[in-house]
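By convention here, the first residue in the shown sequence is residue 1.
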Amino acid sequence: MDQISFDDGSLDFHVPPVEFLRASVFAGARDRVIAGKLALYEGNHLFNRLVLEEGRYLCYLAALSLHSAQDMAQPSTWLTLGRLQREVTALGVASRNRVEAQVSCLRKYGFLTQQPHAPDRRVRLLVPNDGFLSHDARTLDLLANGLAEFGLSPTEASRSVSGTELHRAMRRATLPHLRGISRLIRRHPQLSPFFAHDCGYMVLLLLLRNAAASGGRGVSTGYQRLAVQAGVSRTHVRRIIEAARDAGLLTTEARGGHDIGLTPAMWQAADRWFADQFALTDLLLRQGLAHLCPAGC
């Protein structure tokens with residue numbers, strides 16, 4: 001692990017990712033986060049298709065951040081379709097039309113509503129529903145609970161404020177870091193076979209969980225089982241696995257994906273990713289607490 005080097009220029013982390021990676025509790029904390037994320041994602045096929053791809057995930061994150069940071073006394077901060085399009089297109093991950101299409105899907109399935117603003121009904125605000133916010137809160141809680149295992153973050157102080165206030169403050173803190181988070185994702189090109197495909201992140205989590213359960217050895221579930229769990233077609237899973245194999249992350253010995261092996265490069269890439277996630281959550285937690293308790297919690 002000490003041979004892994006990090007370029008932390010994407011974000012000004014308080015605790016560098018390598019500090020999490022070197023901790024003796026890292027593997028256990030990583031595996032519990034993976035299991036927790038799968039508990040949130042598994043079986044939630046519609047929601048996963050709407051957010052589990054790089055461009056759509058950043059759009060989702062931007063919507064939550066803008067919602068949390070808006071000040072109703074300042075129209076320039078309101079979460080509208082136009083504001084969301086400006087934020088996401090500035091990141092270079094989606095066009096205005098793609099953002100509008102994602103918003104339409106989120107509205108169609110009830111994750112977002114578009115409501116006229118009472119003082120000026122020409123303005124239509126985007127409003128995340130309770131389920132959308134709750135799913136994100138559970139994700140933040142999962143990562144914050146993982147942080148508590150390291151003893152490097154102010155997780156004790158976070159218990160002195162309400163969960164709802166803390167989640168909102170952490171997402172408010174996310175807004176100025178959206179560009180850095182986009183760069184953070186892109187500094188993991190080894191994992192692009194997963195990040196660039198619909199539900200590819202779900203497939204990644206399933207492979208990591210199943211391999212960890214077998215002591216880091218191969219996964220024998222097959223393409224069909226992975227497809228059912230991820231909510232995509234068998235062909236889609238096969239393409240993801242083949243792309244990851246061609247990138248040196250996996251080996252496939254048997255037909256149908258019944259003997260998928262995770263290479264050392266795969267584990268190293270995954271560990272770097274989760275170390276970044278812990279460092280990012282630590283940063284957002286600290287900045288969220290600083291907003292809620294300027295004098296200290």
Report task. Go through Phe195 and Trp273 one step at a time and tell me if the ring pair (Phe, Tyr, Trp, His ring centres under 6.0 Å) criterion holds. Result -> CA-CA 11 Å; Phe195 293 165; Trp273 168 253; 4.7 Å; yes
Check your understanding: ring pair (Phe, Tyr, Trp, His ring centres under 6.0 Å): which pairs involve residues 133-159, sequence neighbours left out?
Key ->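 Residue pairs with at least one partner in residues 133-159: Phe20-Phe150, Tyr41-His135, Phe47-His135, Phe150-Phe278.
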Contact list for residues 61-85, test ring pair (Phe, Tyr, Trp, His ring centres under 6.0 Å), sequence neighbours left out: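 Listed once each, the pairs are Trp78-His117.
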Any [X] side-chain heavy atom under 4.5 Å of [Y] side chain:
X      : Y      : value
Leu226 : Leu207 : yes
Val161 : Cys293 : yes
Met170 : Arg168 : no
Ser214 : Val219 : no
His197 : Val232 : no
Thr80  : Leu126 : no

For [X], enumerate each residue passing the side chain to side chain donor-acceptor pair (under 3.5 Å) test, keeping only those at least two apart in sequence or located in another chain.
X      : value
Gln85  : Arg96
Arg30  : Asp271
Asn129 : none
Ser65  : none

Practice prompt. Please test Leu81 against Arg124 for side chain to side chain contact (heavy atoms under 4.5 Å, CB included), starting from the C-alpha separation and ending with a verdict.
Written response: CA-CA 8 Å; Leu81 175 60; Arg124 302 184 69 81; over 6 Å; no
List, one per line, each side-chain donor-acceptor pair under 3.5 Å for residues 243-250, sequence neighbours excluded.
none

By side chain to side chain contact (heavy atoms under 4.5 Å, CB included) - contacts of [X] (at least two apart):
X      : answer
Glu42  : Leu38, Met202, Leu206, Arg209, Gln229
Gln115 : Thr113, Val127
Arg238 : Tyr223, Thr235, Glu242
Ala62  : Leu84, Val88, Leu178

* Residue pair Ser95 / Thr89: nearest heavy atoms and the distance that separates them ->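 Nearest pair, atom of Ser95 first, then Thr89: C-CG2, 3.7 Å.
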| Under the side chain to side chain contact (heavy atoms under 4.5 Å, CB included) criterion, do Lys37 and Val33 qualify, and how do the steps go? | CA-CA 6 Å; Lys37 286 197 169 191; Val33 166; 4.2 Å; yes
| All pairs passing side-chain hydrogen bond (donor to acceptor under 3.5 Å, both in side chains) where residues 281-293 contributes a residue, at least two apart |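 The answer is His14-Arg286, Ser153-Asp282, Arg172-His291, His177-Gln287, Asp282-Arg286.
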Self-check item: Interatomic distance, Ser158 atom OG to Leu147 atom CG [nearest 0.5 angstrom]
Solution: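 Between atom OG of Ser158 and atom CG of Leu147 there are 9.0 Å.
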- Side-chain donor or acceptor of Ser134 paired with backbone N/O of Gly131 under 3.5 Å: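 Pair absent, no side-chain N/O of Ser134 close to backbone of Gly131.
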message = Under 6.0 Å between ring centres: does that hold for Phe132 and Tyr60?
response =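 Yes, the ring of Phe132 comes within the 6.0 Å limit of the ring of Tyr60, centre to centre.
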Review point. After noting the C-alpha distance and the side-chain angles of Asn145 and Arg32, does the key distance pass the side chain to side chain contact (heavy atoms under 4.5 Å, CB included) rule?
Key: CA-CA 10 Å; Asn145 289 338; Arg32 280 182 281 279; over 6 Å; no
- [ ] Mind running side chain to side chain contact (heavy atoms under 4.5 Å, CB included) on Asp141 and His167 for me, showing each step along the way?
- [x] CA-CA 8 Å; Asp141 283 343; His167 299 144; 2.8 Å; yes
